[in-house]
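Below is one structure; the comments refer to it alone.
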Amino acid sequence: FPRLHHTAGSFTCVTASHSGASWSTPSNINLGTATYGHRAVLFGGKVLMSGGYTSTYIDNVVSYTYGGSWSTVDSSPEFGNRMFHAMVVFKNKLFVVGGFNGGYLRDVWTSLDGTNWEKIIGTAGWSARAWSAHQGIVQWRDQLWLVGGHNGNTAYNDVWMSPDGVEWTQTNNNAFTGRIGAAVIGLKDKLFYIGGSTTLAGGTFVNTVYSTSDGVQWSTVTPASSTFSARKDVMVAVSGGSAYIMGGQTSSDYVNDIWATADFQSFTQVTSSATWSKRSQSALVAGLNGLHFVIGKNVMVQEK
């Protein structure tokens, strides 16, 4: 199945894999500086990564081509420094949305190449927010969907959609129980909202999954088999018709297990302990040369 790419929280490596079970570290891929809260996407045949935090907020955009090395796309993008933002590819454009840089943000930026950026919204209709999990905005049914997020104190439970990143329509202002560190993903004909915790400091960790087939009505998915443990800040990606849930933070530890599901009802544990170290607040990318990539302090690549 296509390669998954993960950018690791507070790590400087990238790892890659085809199956999720066996991972390796490509040569010339060390990021150099430990970071977390960054975002990564597959764009133009490359992995593009933006933002994050080391001892300060990061404002660059870098790219990686499999078999090559990291290079700087934009050392000082117009959207500035930020972490826990959303970064998504939609209609052949890059979008950077919201996040945190000492204060919570509600802006939207777009680019055709990762170098030249245009601010299309300075103050969006939705509240300023960030997403500490892998992603808070996804492309689904030819729309951008913004789901949940938080402002440090409030865990949002609203849902918004947009055909262009400019005009946003709220589809539900109370879709589910608000949580921090939940992840959203589109799989087949549904959106899924996965895991999280009740407070920024932890609170109650959950493995609850909500789903919707229209973006308006949301309901709890009842698993028919053993599933992943309660956690927040997971990495999730779709590959080969299945979703892969990786890593995150539980109430007692960070984890590096991997689960696969085609419907969020039946789950298969791919591995209880991946070869990359336990981590959360990282990024995961699927599809470059059929590999999955975990990117951060070190980068892991899933082998064929």
Side-chain angles (χ1 to χ4, degrees), residues 4-15 17 20 23 31 33-41 49-55 57-58 82-87 99-100 129-137 147-150 152 155 178-185 192-209 227-237 243-260 269-286 292-300 302:
L4 287 174
H5 309 259
H6 154 264
T7 63
S10 287
F11 291 87
T12 57
C13 76
V14 177
T15 61
S17 173
W23 296 78
L31 297 176
T33 303
T35 182
Y36 70 98
H38 51 280
R39 295 296 179 251
V41 297
M49 188 173 75
S50 69
Y53 186 85
T54 54
S55 58
Y57 301 101
I58 299 171
R82 63 185 68 200
M83 66 186 297
F84 294 153
H85 51 295
M87 185 178 183
F100 182 78
R129 66 190 66 192
W131 299 268
S132 57
H134 162 61
Q135 189 62 284
I137 297 180
V147 182
H150 71 88
R179 74 278 292 275
I180 291 171
V184 63
I185 198 165
F192 294 90
Y193 197 55
I194 307 150
S197 65
T198 55
T199 67
L200 190 62
T204 301
F205 291 76
V206 300
N207 59 357
T208 309
V209 176
T227 183
F228 58 94
S229 59
R231 65 189 66 187
K232 69 173 184 176
D233 299 338
V234 298
M235 298 173 289
V236 185
Y244 290 81
I245 301 158
M246 304 188 186
Q249 181 183 357
T250 69
S251 59
S252 60
D253 197 4
Y254 297 97
V255 292
N256 59 350
D257 55 347
I258 300 174
W259 294 78
Q269 188 175 49
V270 178
T271 179
S272 61
S273 181
T275 52
W276 38 267
S277 58
K278 299 176 181 179
R279 63 193 67 191
S280 71
Q281 297 179 347
S282 304
L284 174 65
V285 182
H292 305 280
F293 278 72
V294 174
I295 308 162
K297 179 179 179 181
N298 36 35
V299 181
M300 299 300 293
Q302 188 176 0

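The chain is numbered in sequence order, starting from 1. Worth knowing before you read on, the calculation uses all heavy atoms, side chains too, and leaves out hydrogens, waters and symmetry mates. The structure displayed is predicted, hence computed values, not measured ones.
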Who passes side chain to side chain donor-acceptor pair (under 3.5 Å) against [X], sequence neighbours left out?
X      : value
Ser197 : none
Asp257 : Arg231, Trp259
Arg179 : none

Suppose we screen for ring pair (Phe, Tyr, Trp, His ring centres under 6.0 Å). Which residues come up paired with Tyr193, at least two apart in sequence or across chains?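 Result, ring pair (Phe, Tyr, Trp, His ring centres under 6.0 Å) vs Tyr193: Phe176.
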Can you list everything that forms a ring pair (Phe, Tyr, Trp, His ring centres under 6.0 Å) with His150? Sequence neighbours excluded, please.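 Per chain and number, His150 pairs via ring pair (Phe, Tyr, Trp, His ring centres under 6.0 Å) with Tyr104.
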So, [X] side chain and [Y] main chain: donor-acceptor pair closer than 3.5 Å or not?
X      : Y      : value
Asn207 : Ser229 : no
Arg129 : Gly148 : yes
Thr208 : Val206 : no
Ser280 : Asp233 : no

I'd like to know whether OH of Tyr254 has more than 12 heavy-atom contacts from other residues, nucleotides or ligands below 6.0 angstrom.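 For Tyr254, atom OH is not crowded (no more than 12 foreign heavy atoms under 6.0 Å).
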Which pairs with one or both residues in residues 244-254 pass salt bridge (Lys or Arg N to Asp or Glu O under 4.0 Å), sequence neighbours excluded?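 Only Asp253-Lys278 qualify under salt bridge (Lys or Arg N to Asp or Glu O under 4.0 Å).
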Ser50 and His85: side-chain donor and acceptor closer than 3.5 Å?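 Ser50 vs His85: donor-acceptor pair found between side chains.
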Do you know the tightest heavy-atom contact between [X] and [Y]?
X      : Y      : result
Leu284 : Val236 : CD2-C, 3.8 Å
Val184 : Ile137 : CG1-N, 4.1 Å
Thr250 : Val255 : CG2-CG1, 3.7 Å
Ala183 : Val234 : CB-CG2, 3.8 Å
Ser132 : Gly181 : OG-CA, 3.4 Å
Ile194 : Val209 : CG2-CG2, 4.3 Å

Of the options Met87, Met49, Met83, Arg82, which is the one that meets Arg39 in a side chain to side chain contact (heavy atoms under 4.5 Å, CB included)?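 Testing Arg39 for a side chain to side chain contact (heavy atoms under 4.5 Å, CB included) against Met87, Met49, Met83, Arg82 leaves exactly one candidate, Met87.
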To the nearest 0.5 Å, what is the distance between [atom1] ([X]) and [atom2] ([Y])?
X      : Y      : atom1 : atom2 : value
Ser252 : Phe205 : OG    : CZ    : 8.5 Å
Thr227 : Gln269 : OG1   : CD    : 10.0 Å
Ile180 : Leu200 : CD1   : CG    : 5.0 Å
Ile258 : Ser273 : CD1   : OG    : 9.5 Å

Hey, mind stepping through Met246 and Trp276 against side chain to side chain contact (heavy atoms under 4.5 Å, CB included) and telling me if it holds? CA-CA 11 Å; Met246 304 188 186; Trp276 38 267; 4.1 Å; yes
Note, [X] side chain near [Y] side chain (heavy atom, < 4.5 Å):
X      : Y      : answer
Tyr244 : Ile185 : no
Thr54  : Tyr36  : no
Tyr57  : Phe100 : yes

